[in-house]
Amino acid sequence: MERIEHKTSAVWLCIDEQVLDVAAIAAFLPTPQVGGVDLFIGTTRRWTGTRETVLLSYECYPAMALKEMGKIAEAAIDRWKLERVVLHHRLGPVPAGEASIILGAASAHRADAFEACRFLIDTLKKEVPIWKKEHFADGTQEWVQAGG
Amino acid sequence: MERIEHKTSAVWLCIDEQVLDVAAIAAFLPTPQVGGVDLFIGTTRRWTGTRETVLLSYECYPAMALKEMGKIAEAAIDRWKLERVVLHHRLGPVPAGEASIILGAASAHRADAFEACRFLIDTLKKEVPIWKKEHFADGTQEWVQAGG
Amino acid sequence: MSPSAEASPLRLRLQLFSVLRERLGREYIEIEVPAGSAGGDLLDLLARSYPDIAAHRSTIRLAINEAYERESYRLSAGDDVALITPVSGG
Amino acid sequence: MSPSAEASPLRLRLQLFSVLRERLGREYIEIEVPAGSAGGDLLDLLARSYPDIAAHRSTIRLAINEAYERESYRLSAGDDVALITPVSGG
């Protein structure tokens, strides 16, 4: 799938099969009014108890996923005092240890950034039409059916 | 001041006059047990209402500051299920838009990472002997006397 | 609309993803529903025809024209419909 | 300790930072306190000698040997003392 992206002065949304670029995201977020930035990075966890995951693979409904990500960004901007918001999601295979998602919120004061970032990930996991399949080391595969 | 640093398999503390390296921090945090990483980045805010800040300059009590940062990291590890913790603080002049601090917490599940990261910054601002001086565009300077 | 147009059934093309795409072995279903059908009627019809959809009936959300809609949504010609099983991004 | 050792005053070297370092124009204060003095006694003595310290007396925390200590802490020879005004890192 091709990279799909929407970038304004305040919001940067992206869905892409490439490795996510935390430095570019951290560079985008500050503005002259920003004092605090919170970033959430979701990574493929190799071990869950004694079960080993080799990779997660993600698929999405591209146009709708980007629209839903935009709605979440707008909802966060309505609710907290934010200067900038980022939502980047990786698609396709994401090996253990790599990032599948990076979300960020930048605000004058840190409380807004923390609360908004938590909202971004909690809401994205419920609303955005993206699905992950877990590929275990024993060769089995399984669609994950609920936000985790 | 020379860079002072303490790095183990689980904790990376650093106080340095150089620009903080968010990519290196984001690369350190994941382990095979990590699913969620929360990073807080504190930046020099240029505008507070109509007052313009040119830079913040930081000084510290170096040996004690690193020890206090270590205590905070240990307290977070005791309280939440964390795989890794990072506390990096920049010293000297930090121009508007640049980062003075980057803190991170990595855990199997995101709730621990978010709560721990918030605890790291809130506690650091109260306990670690580091002081900031605000340099305004009108030429005045002022030591900040309380965590902000 | 004329009475004959009202009576003619609605042809829809539904997008499938994730577990439904895999179980049904395809990305789209073409289906006809009676004119005036709601989203819930469509899901009930699909559940009768496809056991794999029946198994997920209670948790499928409808997306119409790239936005979630309630099951009471009245379907129209040209609607872009997708079946959204519980999402798991992040 | 012998009675004469107990009676001899304690010479301490205090580190200053931030606003106190700037106001007093130096990084260290050398001071003698009576043997057996507590941290709070030291702060009271400093406040009587230095108006700039008096102005901050109520918010200064004592660091002894690179850790915060209560004002009841009994000072000893060789203690590494620092005056910590409210911190503002981050």
Side-chain angles (χ1 to χ4, degrees), chain A residues 19-27 29-49 52-54 56 83-84 94-111 113-122 124-125 132 137 147-148, chain B residues 19-27 29-49 52-54 56 83-84 94-111 113-122 124-125 132 137 147-148:
Chain A
V19 170
L20 300 177
D21 186 347
V22 66
I25 291 168
L29 284 162
T31 74
Q33 282 77 32
V34 166
V37 171
D38 195 41
L39 279 182
F40 176 76
I41 305 173
T43 56
T44 297
R45 185 174 60 241
R46 181 178 290 277
W47 291 102
T48 301
E52 184 179 3
T53 299
V54 178
L56 298 172
E83 292 291 319
R84 285 192 170 149
V94 182
E98 296 190 14
S100 52
I101 191 165
I102 304 182
L103 306 176
S107 60
H109 302 287
R110 68 186 182 281
F114 272 106
E115 291 170 21
C117 196
R118 185 74 193 260
F119 167 84
L120 294 177
I121 181 64
D122 289 351
L124 180 141
K125 281 176 172 277
K132 66 163 74 79
Chain B
V19 170
L20 301 176
D21 186 347
V22 67
I25 291 168
L29 285 162
T31 75
Q33 282 75 33
V34 166
V37 172
D38 196 39
L39 280 182
F40 176 76
I41 305 172
T43 56
T44 297
R45 185 175 58 242
R46 181 179 292 279
W47 291 101
T48 301
E52 184 179 3
T53 299
V54 178
L56 298 173
E83 293 291 320
R84 285 194 171 146
V94 181
E98 296 191 12
S100 53
I101 192 166
I102 305 182
L103 306 176
S107 60
H109 302 287
R110 68 187 183 281
F114 272 107
E115 290 170 23
C117 196
R118 184 75 192 261
F119 167 83
L120 294 177
I121 181 64
D122 290 351
L124 181 140
K125 282 175 173 276
K132 63 164 76 78

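Labels below follow one simple rule: chain letters A, B, ... track the order of the sequence lines, proteins then strands, and each chain is numbered from 1. These figures come from a predicted structure and were not determined experimentally. Every heavy atom of this structure was used, including side-chain atoms; hydrogens, water molecules and symmetry mates were not.
Heavy atoms of B:Pro30 lying under 4.5 Å from chain A belong exclusively to its side chain. Contacts between A:Ala111 and chain B at a heavy-atom distance below 4.5 Å involve backbone atoms as well as side-chain atoms. Using a 4.5 Å cut-off between heavy atoms, A:Asp21 makes no contact with chain B at all. Residue contact with chain B, scored on non-hydrogen atoms closer than 4.5 Å, involves the backbone and the side chain of A:Ala108 alike.
Using a 4.5 Å cut-off between non-hydrogen atoms, the part of residues 35-43 of chain B that approaches chain A consists of B:Gly35, B:Gly36, B:Val37, B:Asp38, B:Leu39, B:Phe40, B:Ile41, B:Gly42, B:Thr43.
When every heavy atom of B:Ala26 is checked against every heavy atom of A:Val22, the shortest pair comes out as CB-CG1, 3.8 Å.
Put simply, of B:Leu29, B:Ile101, B:Ile102, B:Asp122, the one with the most heavy-atom pairs under 4.5 Å next to chain A is B:Asp122. Per-residue heavy-atom pair counts under 4.5 Å with chain A were compared for B:Thr31, B:Leu103, B:Thr48, B:Val34, and the maximum is reached by B:Val34.
Looking only at side-chain heavy atoms (C-beta outward), A:Arg110 and B:Lys125 come within less than 4.5 Å of each other.
By the side-chain hydrogen bond (donor to acceptor under 3.5 Å, both in side chains) test, B:Gln33 is found to be paired with no residue, residues two or more places apart in sequence or in another chain being considered.
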